[in-house]
Amino acid sequence: MKENQLRVLLGILALVFIVAFGSQSQAASYPARDVTMIITWGAGGTSDLSCRQLADPLGKILGKSIIPLNVVGGSGAIGMNQGAHARPDGYTLTFCTSGPTVIQPWMQKVTYDPVKDFIPVAQVFGEYLVVVAKADAPYKNLKEMVDYFKKAGKAPKFATPGAGSNNHLSMVLMSKATGLAMTHVPFSSSAEGVNAVIGGNVDFASTEPPSAVGPYKEGRANILAILSAQRLDLIKDIPTVKEQGIDLVFGGWNGILAPKGTPKEIVDKLAEAAKKALENETLIKNSATVGRPIEFLSGPEFGERIKKELARNGEIIKAEGLAPK
Amino acid sequence: MDSIHGLLYGLSRAVEPQILILAFLGCFWGTMVGVLPGIGPVAGITILMPFTFGIDLTSAMVMMAGIYYGAMYGGSTTSILVAVPGETSSIVTIFDGHQMAKQGRAGAALALSAIGSFVAGTVGILGLTFLAPPLAELAIGFGPPEYFALALVGLSMSSFLSNASLAKGLAMAVVGLITGTVGLDIISGAPRFTFNSMELAGGLEIVSILIGLYGISEVMEMMASKVRPQIQHEKLWNLHRLLPNREEWRLSIWPIIRGSFMGFFVGALPGAGGTVPSFISYAMEKRISKNPERFGKGAPEGVAGPESANNSGAVGAMVVLLTLGLPYNVVTAVMLSAMIAHGIFPSPLLMARSPDFFWTVVASMYIGNFMLLILNLPLIGAWASLLRLPYRWMTVFIVLFCIIGVYSIEYRSFDLLLMALFGGIGYLMKRVDLPAAPLALAMVLGPIMEKSLIQSLIMSDGSPFIFVTRPFAAGSMALFFLLMFLPLIQKKLGRRIAPVGEVEV
Amino acid sequence: MWLMDRISSAVLFAFVIFYTAAGWGLETWAKKAPGPGFMPRLLALALGALAILIWVQAKPSLESRQEVESYSKREPFIIFLLVLAYVFVMPQLGFPLSNFLLVVALRRMVEPGSWRADLAGAIGTVAIIHLVFVQILALQFPVFPVWWGE
């Protein structure tokens, strides 16, 4: 009997060692194959573009390809859900944007928890919004616009790519900061919003820089302000909202998330690779072209930001009654 | 650079070896992708993406345009052969195209489709060349009220699409509109009819439903009739029999011409693309025809017209893409992002600002159009021969085909479930004579209609007068009422311009 | 088509009731513009009216009873069940295996021939599909059964 028991004990010990070394080597050999990165937006959009721009240098640093996978729907919720429930082996990551991560959980019933179901790897880009108006509008910058409508006693109509989007939220905040009531007209994409502005169907739009730059450079549209802390390289002569006397800074972000339970070594490796990838010159140039400057935050810092913004948004959305019943 | 010079310059660039090869690859791949139902956009993009960063923008655009285009050509093939729509723009082709195939005229249908597509493509590209900027300026003024009115006009076509009673047709259209309400409401973000399912929250994927409604139900139908009809086999070596005969040509010429011109202008309306023109063409041809009862039973006009319209519509949609930056489907969305990434912004002034890019793309579309015709015509024989497969293989292939196509849209089993369910529903509909065409059209137009309606009312602070104060919208609304109630008015007056089918109230 | 029309009318009407109940909580009007419940209510109303119309319009059928009888009910239903089964089975069993089963089932159903031919044909089909779609086109179909693990 004793001999048998000894054998069993040795067997178990051996198994334990194998598993322990196995997972070590798993982390050490990561990535052993291509990594999938879920994009919660559709192919061809700016977020899709940014992720693919990042995937190229990141993949090279890691030694394997990063394969983007578009999982669309629910304003990003469906992709986030898939990313949250993926296997925590580091081979399925999520390229997240601020909307689905810290706004959507308040706007709809989602089946993921942005804090508990994910491990933040790193923040990579910043997303900034601009306010666009028609070229021949009677106001040339944000301050003038606010004054114009206040004097007329009318509420301007503004376009956004959707209810509950970053854009929408930023305009709600701006309405509060300026004391000007505004009416929201939701569209399905930034481009539609810009066209609506140029066509005179709405008074201004909140969009991402890439959709606005074209018409701006051609003189068909005016960019009234940018909602970032400082001016963006792409449109150097556009003043920020703050510069115009309105106290508002609103920024979105793009980052990489891993499912909860992913081994720390893998997360750290990814974070380091991301940091290095962000130093790639082509990436820096490309991301500037689409108006998403490189902004790196380490995993823990990123996690803190997510928590803070999630709480802040919850307050605003509840206070303004933005959530659909 | 004026148009003629631009075109010549573009042609000179378009015949460079690299561009030519890429155009060819694009067309070829696009045709394959179009033939496979549902598979189109995703598979196309997966292959494309690495390219768009590696090679220069113009080459990338040329290839993508080829894929976009080729898919238009390929989509009709499956519609005709096995009644499975390759894309939403090929649905209409099923109505008469498949009937023609059953009568042994598959080759003719395919040929009419290919040639009609070629002519329409040429017309469309000419339109793109010369009319793009003015059209764009016109389209910019388009806002929600116009979209709503146009969607209504499109929907009013549903009364012309089938031979069933008006009530049944409208009922099916309403059902189609209802399927569009499932998911997150675009305006308020509220979940509608989602029953707490994340998948339902994403909405019901149109292509999955269509493939089930047409493809799977067709297989079930094949199994239902106890008498196995022998599809008349074409004599493959007799080219005469394979191509359209003189009568078929005669009937098709005008529909092709009408479809080409109408398709381009409708496609140039933001949001329309190639699908809506194909429906309009079918309805139009049926309405104008002296023998409308032939439609639905293998009328060549029912293939030639819509197939032309959808191709020129696709080119029209390119106008919208290049000038307004509004993509119509996934392929055009990728084209858009590639353009932006390279610093070329869509605008009505695109022709003037980036002539190199614009003209090369346009020229390569001419060439691609040509290439596709040459690619497709010889293949007709091969495709037609597929129909000779024994029944037990046909069912297997069609079912697998549908499954693969649907699953590859988003890799979700939910789409397969939709396909299966609507396969059953489609079959039952056939049994009780409820028409599927109005349903399909309504599914495509429904979301735009509702969204535009609510947007318009927000814009007007709740006043419905916005629809009559804006000229284009007002005109379209009038057209809508006319089209909807024309059959009724005619009956009341005792006169009919052409019999449309049973009309009862 | 008298009976058929009545049946379809009834089914549509039942659906209207279901749809209305499901959309009960949606707001019809919100802040000067239609809310999420506006269109659904409108459509439910329209469909209900049309369903009644169809009922009323049902006429005695011109089609002879014989034609209706000539449609087999069993086979389409089996195909439907097979496809439905496939939907649920595929994620579990993986793509090639499910295809194989489906092909065999379909072949047996449509025109039973020799077992060997059916099996061979099934294997061949599955192999070609795997080759073309999964390998060459690199579409992301689940190849291995879920419990196989990767």
Side-chain angles (χ1 to χ4, degrees), chain B residues 39 42-43 46-47 165 167-168 170-171 174-175 177-178 181 185 187-188 190 192-193 195 216 219-221 223-227 390-393 395-397 399-400 403-404 407-408 411 413 416-417 419-421 423-424 427-429 431-434 450 453-455 457-458 461-462 504-505, chain C residues 1 4-5 7-8 12 15 19 22-23 26-27 30-40 43-44 46-47 50-51 53-54 57 70-73 75-80 82-84 86-88 90-91 99 102-103 106-107 109-111 113 121-122 125 129 133 137-142:
Chain B
I39 214 177
V42 180
T46 321
I47 309 288
S165 73
K168 286 185 183 172
L170 284 180
V174 174
V175 173
L177 292 176
I178 286 180
T181 61
D185 175 34
I187 302 284
S188 66
R192 297 198 292 188
F193 307 106
F195 304 112
I216 301 288
V219 172
M220 289 169 71
E221 173 90 13
M223 300 276 72
S225 54
K226 292 195 174 126
V227 178
Y391 244 57
R392 59 178 177 272
W393 279 124
T395 38
V396 171
F397 277 134
V399 173
L400 278 175
I403 290 177
I404 295 177
Y407 193 74
S408 61
Y411 303 116
S413 336
L416 288 178
L417 185 63
M419 177 189 83
L421 288 178
Y427 175 71
L428 291 174
M429 280 166 62
R431 284 279 78 85
V432 298
D433 194 32
L434 284 174
E450 181 184 10
L453 174 65
I454 302 185
Q455 283 170 334
L457 288 176
I458 295 181
D461 288 317
E504 304 160 349
V505 170
Chain C
M1 293 254 97
M4 297 306 188
D5 282 358
I7 294 180
S8 32
L12 284 174
F15 178 69
Y19 185 66
L26 296 171
E27 291 183 309
K31 287 198 253 184
K32 294 195 213 162
F38 178 74
M39 192 57 94
L43 293 178
L47 191 57
L50 287 166
L53 209 57
I54 295 179
Q57 280 180 11
S70 79
Y71 288 110
S72 135
K73 294 192 185 53
E75 272 136 344
F77 189 57
I78 297 185
I79 297 226
F80 176 67
L82 279 177
V83 178
L84 206 56
Y86 182 92
V87 174
F88 291 106
M90 203 269 271
N99 287 351
L102 186 66
V103 173
L106 281 175
R107 288 207 57 171
M109 216 207 86
V110 178
E111 267 172 44
T125 314
I129 289 184
F133 293 104
L137 295 183
L139 298 178
Q140 289 160 297
F141 281 94

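All values reported here derive from a predicted model rather than from experimental measurement. A, B, ... follow the sequence lines: proteins, then strands. Residue 1 opens every chain.
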Looking only at heavy atoms and a cut-off of under 4.5 Å, which of [options] has the most pairs with chain C?
options                        : value
B/G424, B/A171, B/G462         : B/A171
B/I458, B/L457, B/D461, B/L434 : B/D461
B/L417, B/D185, B/I178         : B/I178
B/L170, B/V219, B/I454, B/L421 : B/I454

message = For B/E450, give me all partners under side chain to side chain donor-acceptor pair (under 3.5 Å), at least two apart in sequence or on another chain.
response = B/R192
task = Can you tell which part of B/M429 gets under 4.5 Å to a heavy atom of chain C, answering side chain, backbone, both or neither?
result = neither
request  = Below 4.5 Å from any heavy atom of chain C, which atoms of B/L428 appear? Answer side chain, backbone, both or neither.
outcome  = neither
Leading residue by heavy atom contact count with chain B [cutoff under 4.5 Å; candidates [options]]:
options              : result
C/I54, C/T125, C/V83 : C/I54
C/A44, C/A46, C/P76  : C/P76
C/L47, C/L82, C/V103 : C/L47
C/P34, C/P36, C/A22  : C/P36

key: All ring pair (Phe, Tyr, Trp, His ring centres under 6.0 Å) counterparts of B/F193, not counting sequence neighbours   = C/Y19
query = Can you tell if the side chain of C/Q57 reaches within under 4.5 Å of the side chain of C/D5, non-hydrogen atoms only?
reply = no
inquiry  = Could you check whether any side-chain heavy atom of C/L26 comes within less than 4.5 Å of a side-chain heavy atom of C/F38, counting everything from C-beta outward?
reply    = no
Spatial distance of atom CZ (C/F80) from atom CD1 (B/I216) [nearest 0.5 Å] = 10.0 Å
query = CG of B/L416 to CG of C/L84: how many Å apart, nearest 0.5 Å?
reply = 10.5 Å
ask   = Can you tell me if CZ on C/F15 sees more than 12 non-hydrogen neighbours from other groups inside 6.0 Å?
value = yes
inquiry  = Under the criterion side-chain contact (heavy atoms from CB on, under 4.5 Å), I'd like the reasoning laid out for C/L102 against C/M90: C-alpha separation, chi angles, the key distance, then a yes or no.
reply    = CA-CA 10 Å; C/L102 186 66; C/M90 203 269 271; over 6 Å; no
ask   = Given a strict heavy-atom distance threshold of 4.5 Å, which part of C/L43 is in contact with chain B: side chain, backbone, both, or neither?
value = both
